[in-house]
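Working notes, beginning with the structure itself.
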Number of protein chains: 2
Amino acid sequence: MLSRLTTVQSETAINTTEAEVPKGTRGSQSLADRLFLTLRREIVEGHMAAGSKISEPELARRFDASRGSLREALMRLESLGLLERRVNVGARVVDLTERGLLELYDVREALEGMACRLAAQNRTEEDVVELRQMLARHEQQEELQAGTAYYQPEGDFDFHFRIVQASNNDLLIDTLCNRLYYRVRMYRYQLGMASPRAHRAFREHSHIIDAIESGDGELAEILMRRHIRASRSNIENKLSKQN
Amino acid sequence: MLSRLTTVQSETAINTTEAEVPKGTRGSQSLADRLFLTLRREIVEGHMAAGSKISEPELARRFDASRGSLREALMRLESLGLLERRVNVGARVVDLTERGLLELYDVREALEGMACRLAAQNRTEEDVVELRQMLARHEQQEELQAGTAYYQPEGDFDFHFRIVQASNNDLLIDTLCNRLYYRVRMYRYQLGMASPRAHRAFREHSHIIDAIESGDGELAEILMRRHIRASRSNIENKLSKQN
DNA sequence: CTGCTCAACATTGTCGACAATTTTTAGGTT
DNA sequence: AACCTAAAAATTGTCGACAATGTTGAGCAG
């Protein structure tokens with residue numbers, strides 16, 4: 001409804017090397033779509049350096065596409081907040097700043113808090129089961145890597161992602177999953193912040209699921225907000241020591 | 001699909017903004033920019049009916065622009081959530097639904113609540129002064145129209161807008177002011193919901209300013225959330241009676 | 001050497017034409 | 001008449017070329 005690029009993730013190559021898309025199946029995506037997905041990945045993972053300028057002719061040659069199609073992809077990246085464009089000047093990959101990261105946390109606290117409240121109010125059996133399974137997998141991974149103090153950021157990510165889905169609010173889902181989360185991932189990849197909060201985060205996740213299961217929206221929201229704020233404080237400390 | 005149809009066809013020219021833009025002096029904007037602004041206005045104010053299909057060739061002719069520039073404007077509108085596009089099919093103006101409206105309120109409650117908290121924490125003398133002046137103007141307007149039970153929606157809008165600006169969080173500001181608020185206005189224009197909550201809203205606004213002035217972020221957030229939720233309940237009642 | 005002017009270059013914005021796909025229409029069969 | 005088929009029309013996606021704007025660098029005056 002709100003966005004069409006929610007779930008499908010075409011990987012790597014631009015050309016549809018993937019086993020012959022049978023004509024007009026619903027998976028049909030335009031060249032600009034594929035360029036968009038590829039470039040988004042490159043920016044998020046840092047293969048295109050943050051703050052670097054983008055040359056339309058060069059990129060177009062590199063992907064063997066016309067400038068028009070490329071420009072369409074660039075505009076979508078701009079609306080995602082991953083690029084900044086100025087008229088008659090060009091596009092740059094967005095800069096990663098300490099302030100931007102902290103701002104991101106505040107917005108997430110507000111939105112994910114609300115998402116968690118709604119998830120508790122509209123919860124289904126399936127939601128709760130999946131969240132518990134997910135938590136179990138994370139515990140397993142954590143045990144395997146016990147002592148390393150290294151926490152799979154993707155695990156934490158999946159957890160938050162799943163809760164947002166359960167909120168059943170399309171606008172909220174779109175705003176978080178199709179907009180903010182790519183910026184979150186960009187910071188995680190490039191500032192490489194593996195959280196040392198592994199055990200603590202795990203317990204917090206567990207309590208959040210409890211609140212959702214019991215349908216206590218108010219508590220679920222409070223716990224989620226506290227969870228995110230703790231993560232923010234953690235990062236803030238790290239950053240202040242770094243300087 | 002909520003309907004309250006509007007069928008005006010404005011034929012304003014794009015290029016004749018205001019008297020001779022002297023080269024690249026004032027806010028140089030591209031043709032696509034101007035198309036974007038014009039179309040956004042037409043959609044928000046309902047001159048392009050919600051849910052109606054958009055013909056690229058027709059619009060391009062109407063504004064005497066090429067399809068390329070028009071398409072750029074359409075894509076920006078899509079990322080604003082005012083249009084929906086499907087590959088090889090085309091674009092439609094987004095539908096106004098009861099569900100969409102309520103979703104909007106929940107997201108606003110979360111974001112504006114946070115904005116209000118931050119505004120209280122980062123408040124400046126100027127912020128407080130301007131908010132009080134604004135409130136005074138609204139009171140005056142309200143007295144003039146006393147008894148009519150008609151409340152200037154723009155007044156309420158300005159108030160919320162100003163508080164968001166005071167949050168000093170660019171991501172939050174962008175998300176609310178450049179994204180969500182256009183959808184809010186679209187619903188206001190087209191469902192024509194003049195709030196009968198004039199006096200009550202006024203008092204609530206006043207208390208919110210008090211909390212901001214005293215730097216009590218927690219209270220400011222609570223009051224703003226309650227304010228928005230009350231507005232939501234009000235609408236929800238209206239809608240349920242209508243059906 | 002510093003700072004300015006202006007011309008040559010590179011990049012972005014805009015356009016019209018062609019290709020790919022969808023939608024509509026016409027026609028025939030049961 | 002209803003229904004499937006296929007051609008025709010219309011619409012969207014993609015491209016290369018040209019115009020408008022910004023950037024760079026050489027030459028010159030102070």
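Being a predicted model, the structure only gives us computed values, none of them experimental. Here is how names work: the chains are called A, B, and so on, in the same order as the sequence lines, proteins then strands, and each is numbered from 1.
Between Arg185(A) and Glu45(A) there is no salt bridge, since no side-chain N of the basic residue sits under 4.0 Å from a carboxylate O of the acidic one.
At the heavy-atom level, Ile54(B) lies under 4.0 Å from the strands shown only through sugar-phosphate atoms.
Where the helix from dC1(C)-dG30(D) to dT30(C)-dA1(D) starts and where it ends, the local axes point in directions that differ by 10°; five pairs per end, rounded to 10°.
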Could you go over nucleotides 13-16 of chain C and give all protein N or O partners under 3.5 Å, atom names and distances?
| from | atom 1 | to | atom 2 | distance (Å) |
| --- | --- | --- | --- | --- |
| dG13(C) | OP1 | Asn88(A) | N | 3.3 |
| dG13(C) | OP2 | Arg71(A) | NH1 | 2.3 |
| dG13(C) | OP2 | Arg71(A) | NH2 | 3.2 |
| dG13(C) | N7 | Arg67(A) | NH2 | 2.8 |
| dG13(C) | O6 | Arg67(A) | NH1 | 3.0 |
| dT14(C) | OP1 | Leu31(B) | N | 2.4 |
| dC15(C) | OP2 | Ser66(B) | N | 3.0 |
| dC15(C) | OP2 | Ser66(B) | OG | 3.0 |
| dC15(C) | OP2 | Ser69(B) | OG | 3.1 |

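Put simply, CD on Glu78(A) is 13 Å from P on dT12(C), counting in whole angstrom units. Rounding to whole angstrom units, CD of residue Glu58(B) and P of dT12(D) are separated by 10 Å.
A side-chain donor-acceptor contact under 3.5 Å links Asp127(B) and Thr124(B). The closest side-chain donor-acceptor pair between Asn234(B) and Ser231(B), if any, does not fall under 3.5 angstrom.
In this structure Glu125(A) satisfies the side-chain contact (heavy atoms from CB on, under 4.5 Å) test together with Val129(A), sequence neighbours excluded. Annotation: side-chain contact (heavy atoms from CB on, under 4.5 Å) contacts of Arg179(B) (sequence neighbours excluded): Asp174(A), Arg179(A), Leu80(B). Considering only residues two or more places apart in sequence or on other chains, Glu236(B) meets the side-chain contact (heavy atoms from CB on, under 4.5 Å) condition with Leu102(B), Arg232(B). With sequence neighbours excluded, no residue satisfies ring pair (Phe, Tyr, Trp, His ring centres under 6.0 Å) with Phe36(B).
At the phosphate of dA10(C), neither OP1 nor OP2 sits under 4.0 Å from any side-chain N or O atom of Lys53(A).
Counting heavy atoms from C-beta outward, Cys177(B) and Gln165(B) have side chains that approach closer than 4.5 Å.
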